[in-house]
Amino acid sequence: MLVNKRELTENELYQLMAIYRESNTENISYFYPDEKDQAKGLIKVERDHSHYITNDFLLQDNTNYFILVDNDLWVSALRFYKLGNSNYFFEALETIPNHRNKGYGKQLLTSVINDLKKEDHFELHSYVHETNLISLKTHKAVGFVETGLKAYDYAEREPVEDSIALIYTYSK
């Protein structure tokens, strides 16, 4: 089931952090390079990530989370931005590790795209790191194509190094 969230309860934020736990663990060394205790580092990164979601991302008028729920478990999520008329961007597509390779990321993307198809036309932008071949394959499986242009983070309004720009275009 596809869930569209503009607000998160404390319990929902906890469920979202479970989806992003692996990425947050990888970010400890980036955000807290002097932290030697992984558990303490993870607490700090998840605190910062939660703060960003509730006090920045979700306070913007043009943002929301799409979450795929299976048997009451949040299994996959992405951050979604409306850039303007029929122009969208998403980032941070993630699936909890023990549910990967089961098609949840593809199902989430397909559900979001099908929801957007209520419009006459749209462009959906994203990017993946050039070494993330599984994510690239997932994007392409639902119809994204490489643009050949430099990847761009529409949220941060800056180019992204070592990444592949992708677009999904739809018109009736």
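Contact check for Leu108 versus Phe90: no side-chain heavy atoms found under the 4.5 Å cut-off. Side-chain contact between Lys5 and Ile67 is present, with at least one heavy-atom pair separated by less than 4.5 Å. Annotation: side chain of Gln38 is in contact with side chain of Thr25 (closest heavy-atom distance under 4.5 Å). Residues Ile113 and Val142 meet the side-chain proximity criterion, which asks for heavy atoms closer than 4.5 Å.
For Lys150, the salt bridge (charged side-chain N to carboxylate O under 4.0 Å, His left out) partners at least two apart in sequence or on another chain are Glu161.
Between Gly105 and Thr138, the shortest heavy-atom distance links the atoms C-CG2, 4.0 Å. Scanning both residues, Lys172 and Glu119, for their nearest heavy atoms gives CE-O, 3.4 Å. Nearest heavy-atom pair, Ser163 versus His129, reported as atom, atom and distance to 0.1 Å: OG-CA, 3.6 Å. Closest heavy-atom contact between Leu166 and Thr147: C-CG2, 4.0 Å. Minimum heavy-atom separation, Ile96 to Ala18: CG2-O, 3.5 Å. Among all heavy-atom pairs drawn from Leu2 and Phe66, the shortest one is CD1-CD2, 3.8 Å.
Relative ring orientation between Phe57 and Tyr81 is described as perpendicular, the plane-to-plane angle rising above 60° on a 0-90° scale split at 30° and 60°. Ring geometry for Phe89 against Tyr154 counts as tilted: the plane angle lies between 30° and 60°, on a 0 to 90° scale.
Within a 6.0 Å radius of CD in Glu158, other residues, nucleotides and ligands contribute more than 12 heavy atoms. When the shell of 6.0 Å around NZ of Lys44 is examined, it contains more than 12 heavy atoms from other residues, nucleotides or ligands. More than 12 heavy atoms of other residues, nucleotides or ligands sit less than 6.0 Å from atom CG of Asn98.
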- Message: Using side chain to side chain contact (heavy atoms under 4.5 Å, CB included), reason through His99 and Ser76 one step at a time and then give a plain yes or no.
- Response: CA-CA 9 Å; His99 284 72; Ser76 193; over 6 Å; no
- Item | From CA spacing to verdict: side chain to side chain contact (heavy atoms under 4.5 Å, CB included), Arg21, Leu42 | CA-CA 8 Å; Arg21 184 136 307 128; Leu42 182 59; 3.8 Å; yes
- Report the C-alpha distance between Lys117 and Tyr170 in whole Å, list the side-chain angles of each, state the deciding distance to 0.1 Å, and finish with yes or no for side chain to side chain contact (heavy atoms under 4.5 Å, CB included). CA-CA 7 Å; Lys117 284 183 176 179; Tyr170 172 79; 3.7 Å; yes
- Step by step, would you call Thr95 with Ile19 a side chain to side chain contact (heavy atoms under 4.5 Å, CB included)? CA-CA 6 Å; Thr95 301; Ile19 292 173; 6.0 Å; no
- Audit row: Tyr52, Tyr20, ring pair (Phe, Tyr, Trp, His ring centres under 6.0 Å) steps and yes/no: CA-CA 13 Å; Tyr52 166 74; Tyr20 289 102; over 10 Å; no
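Taking the ring centroids of Tyr127 and His139, they lie at or beyond the 6.0 Å cut-off.
Asn87 and His125 share a donor-acceptor pair across their side chains, judged by distance under 3.5 Å alone. Side-chain contact check for Ser23 and Glu94: at least one donor-acceptor pair (N or O, by modelled atom type) lies under 3.5 Å.
Note on Leu8 and Leu59: separate hydrophobic clusters, where clusters join Ile, Leu, Val, Met, Phe, Trp and Tyr whose side-chain heavy atoms are under 4.5 Å apart, directly or indirectly. No continuous path of hydrophobic side-chain contacts links Val145 to Val112 [ILVMFWY only; heavy atoms under 4.5 Å].
Figure legend: cation-pi geometry between Lys82 and Tyr88 absent, as NZ or CZ is not positioned both under 6.0 Å from the six-membered ring centre and within 45° of its axis.
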